[in-house]
Participant: 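The structure under discussion is supplied below as structure tokens; questions concerning it will follow.
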2 protein chains.
Amino acid sequence: MPPEKDNPRAWDKSHYHLACVEDAVAKAHQICSEKGVRLTPTRLRILELIWRSHKPIGAYALLDEIKLEHKSAAPPTVYRALDFLIEHGLVHRIQSLNAFVGCNDPGHVYSGIILICNDCGDVLEMDDAKISETIALYTNNLGFQLSSQSIEANGTCPGCRG
Amino acid sequence: MPPEKDNPRAWDKSHYHLACVEDAVAKAHQICSEKGVRLTPTRLRILELIWRSHKPIGAYALLDEIKLEHKSAAPPTVYRALDFLIEHGLVHRIQSLNAFVGCNDPGHVYSGIILICNDCGDVLEMDDAKISETIALYTNNLGFQLSSQSIEANGTCPGCRG
DNA sequence: TTTATCACCGTTATAATGTTACATTTTTTA
DNA sequence: TAAAAAATGTAACATTATAACGGTGATAAA
Ligand SMILES: [Zn+2]
Ligand SMILES: [Zn+2]
Ligand SMILES: [Zn+2]
Ligand SMILES: [Zn+2]
């Protein structure tokens, strides 16, 4: 197990597949290789920055960081990398925050559920078959052909409840 | 039942509590009265414009419309009204679209689920106890105190499936 | 009645987020 | 190698949202 300090999101260790930046990068390399897509230096760097932040991070915060080491970076630099990472399931967009987090289990089958702590800003991704299937069932009953879903929950994490 | 043309979202009539602008306005007056809050002319007008659009509508589209009749309107005019309408459950924000729809059943107990048709852009709000409760159950098991949730699903509506 | 307070709105400016378009470079394919 | 495709550089622009401050009108003390 990687060092604890690398993963301060300790409120649900049991769900964690990827515990640190290194794990995430290794997994990303593996997935991109399997898919035959290119994890270019910029894409990799953005992924690392997202994982290093340990919190949802916005596109312009990523831009500020990558500019330090990559002077020519501009908004498209970041958004292109994000599009790629999201398309291949390595990163999720948090709609309610306009921010991004690393997917904790790239390739997961069920729709992720994002839990957002309103106090500390920390985020946990849960993948639950039952919730996804319940939604799929209900929408199918309406004749709606489901292609994707986004579930975001706000509240207070165990740590912040004291 | 109000005229059909007022409600082109015909793919799930059974779920509709409010079928037209007039219903929505009447219900809004009732709710604001009960709560002792003021449904001012601007707030009412924004609510009507949202309901009249029959689709999710963005803040700046609302601004364009209200400017026609209210020359001094500016972004804060619209955002303040939206904040009020959302706070009192009369309107929902669709995170993935940065757009707004009228709540079909103001005061509903369970979290609404927004179904978005990728073809026609139409939206349906479903309120389902089971889904909300399933999410609440799972998050509680993690020690997470749930305060709100946002569920948005994308897919194809029955009409667009042909 | 005067004064204070409050919610609401007008107004201007600006911040934050995201996209388009086109040129250039790099990588892959034939 | 030559052509095609993918990725990136670059500048400008578009969209969405908020901050700040002052004015107005209703309501509530003093
Ligand atoms: Zn995920
Ligand atoms: Zn917390
Ligand atoms: Zn609703
Ligand atoms: Zn449709």
Side-chain angles (χ1 to χ4, degrees), chain A residues 28-29 32-33 35-50 53 55-88 90-101 121 150 152, chain B residues 28-29 32-33 35-50 53 55-88 90-101 121 150 152:
Chain A
H29 276 299
C32 290
S33 169
K35 291 191 173 191
V37 296
R38 292 170 55 201
L39 189 58
T40 63
T42 303
R43 291 165 177 174
L44 177 58
R45 196 75 195 97
I46 293 287
L47 181 65
E48 288 173 343
L49 290 172
I50 289 172
S53 91
K55 302 250 172 175
I57 183 170
Y60 279 73
L62 287 167
L63 179 56
D64 289 343
E65 292 209 43
I66 204 168
K67 264 183 173 167
L68 299 175
E69 57 202 40
H70 182 167
K71 207 185 147 192
S72 72
T77 311
V78 173
Y79 282 104
R80 285 166 179 160
L82 287 171
D83 286 347
F84 174 90
L85 295 168
I86 291 168
E87 179 184 353
H88 295 100
L90 301 168
V91 162
H92 296 301
R93 175 190 192 95
I94 301 181
Q95 305 281 5
S96 59
L97 299 176
N98 292 327
F100 305 86
V101 287
S150 149
E152 296 177 15
Chain B
H29 276 300
C32 289
S33 170
K35 292 191 172 190
V37 295
R38 292 171 54 201
L39 188 59
T40 63
T42 302
R43 291 166 177 174
L44 176 58
R45 196 73 194 96
I46 293 288
L47 181 64
E48 288 173 343
L49 290 172
I50 289 173
S53 91
K55 302 252 172 173
I57 183 170
Y60 279 73
L62 286 167
L63 179 56
D64 289 343
E65 292 209 42
I66 205 169
K67 263 183 174 167
L68 298 175
E69 57 201 41
H70 182 167
K71 205 184 147 191
S72 72
T77 311
V78 173
Y79 282 103
R80 285 164 178 160
L82 288 171
D83 286 347
F84 174 90
L85 295 169
I86 290 169
E87 180 185 352
H88 295 101
L90 301 168
V91 162
H92 295 302
R93 175 191 188 91
I94 301 180
Q95 304 281 5
S96 60
L97 299 176
N98 292 327
F100 305 87
V101 285
S150 151
E152 297 177 13

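From a predicted model like this one, the values you see are computed outputs, not experimental measurements. Reminder, nothing fancy here: chain letters follow the sequence lines and each chain counts from 1.
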Participant: Just one of B/E69, B/H70, B/E65 clears the side chain to side chain donor-acceptor pair (under 3.5 Å) bar with B/R45, so which one?
Facilitator: B/E69
Participant: Output the single nucleotide from D/dA20, D/dT8, D/dA19 whose closest atom is nearest the side chain of B/P76.
Facilitator: D/dA19
Participant: For the backbone of B/R38 and the side chain of B/R43, can you confirm whether one donor and one acceptor N or O come within less than 3.5 Å of each other?
Facilitator: yes
Participant: Spell out, as yes or no, whether a donor-acceptor pair under 3.5 Å connects the side chain of B/E152 to the backbone of B/Q95.
Facilitator: yes
Participant: Looking at A/T42, I'd like to know whether one of its side-chain N or O atoms comes within less than 4.0 Å of OP1 or OP2 on D/dA7.
Facilitator: no
Participant: Would you say B/Y60 stacks on D/dT16, if stacking means ring centres under 5.5 Å apart and planes within less than 30 degrees?
Facilitator: yes
Participant: Could you pick out which residue, B/R38 or B/A74, lies toward the 5' side of DNA chain C when each is mapped onto its nearest nucleotide?
Facilitator: B/R38
Participant: Let me spell it out: for each of B/P41 and B/N98, pick the nucleotide of DNA chain C with the closest heavy atom. Which residue's pick is nearer the 5' end?
Facilitator: B/P41
Participant: Return no unless some side-chain N or O of A/H70 is found under 4.0 Å from OP1 or OP2 of D/dG9.
Facilitator: yes
Participant: Quick check: closest heavy atoms across B/L49 and B/L62, and the distance to 0.1 Å?
Facilitator: CB-CD2, 3.7 Å
Participant: Answer yes or no: does a side-chain N or O of B/S72 lie under 4.0 Å from OP1 or OP2 of C/dT11?
Facilitator: yes
Participant: Roughly how many Å is it from CD1 in B/I66 to P in C/dT11, rounded to a whole number?
Facilitator: 14 Å
Participant: Take the protein atom CZ of B/F84 and the nucleotide atom P of C/dC8, then report the distance between them rounded to whole Å.
Facilitator: 7 Å
Participant: Using only side-chain N and O atoms of A/R80, determine if any of them is under 4.0 Å from OP1 or OP2 of D/dA6.
Facilitator: no
Participant: With the side chain of B/T77 defined as its heavy atoms from C-beta on, choose the nearest nucleotide among C/dG10, C/dT17, D/dG9.
Facilitator: C/dG10
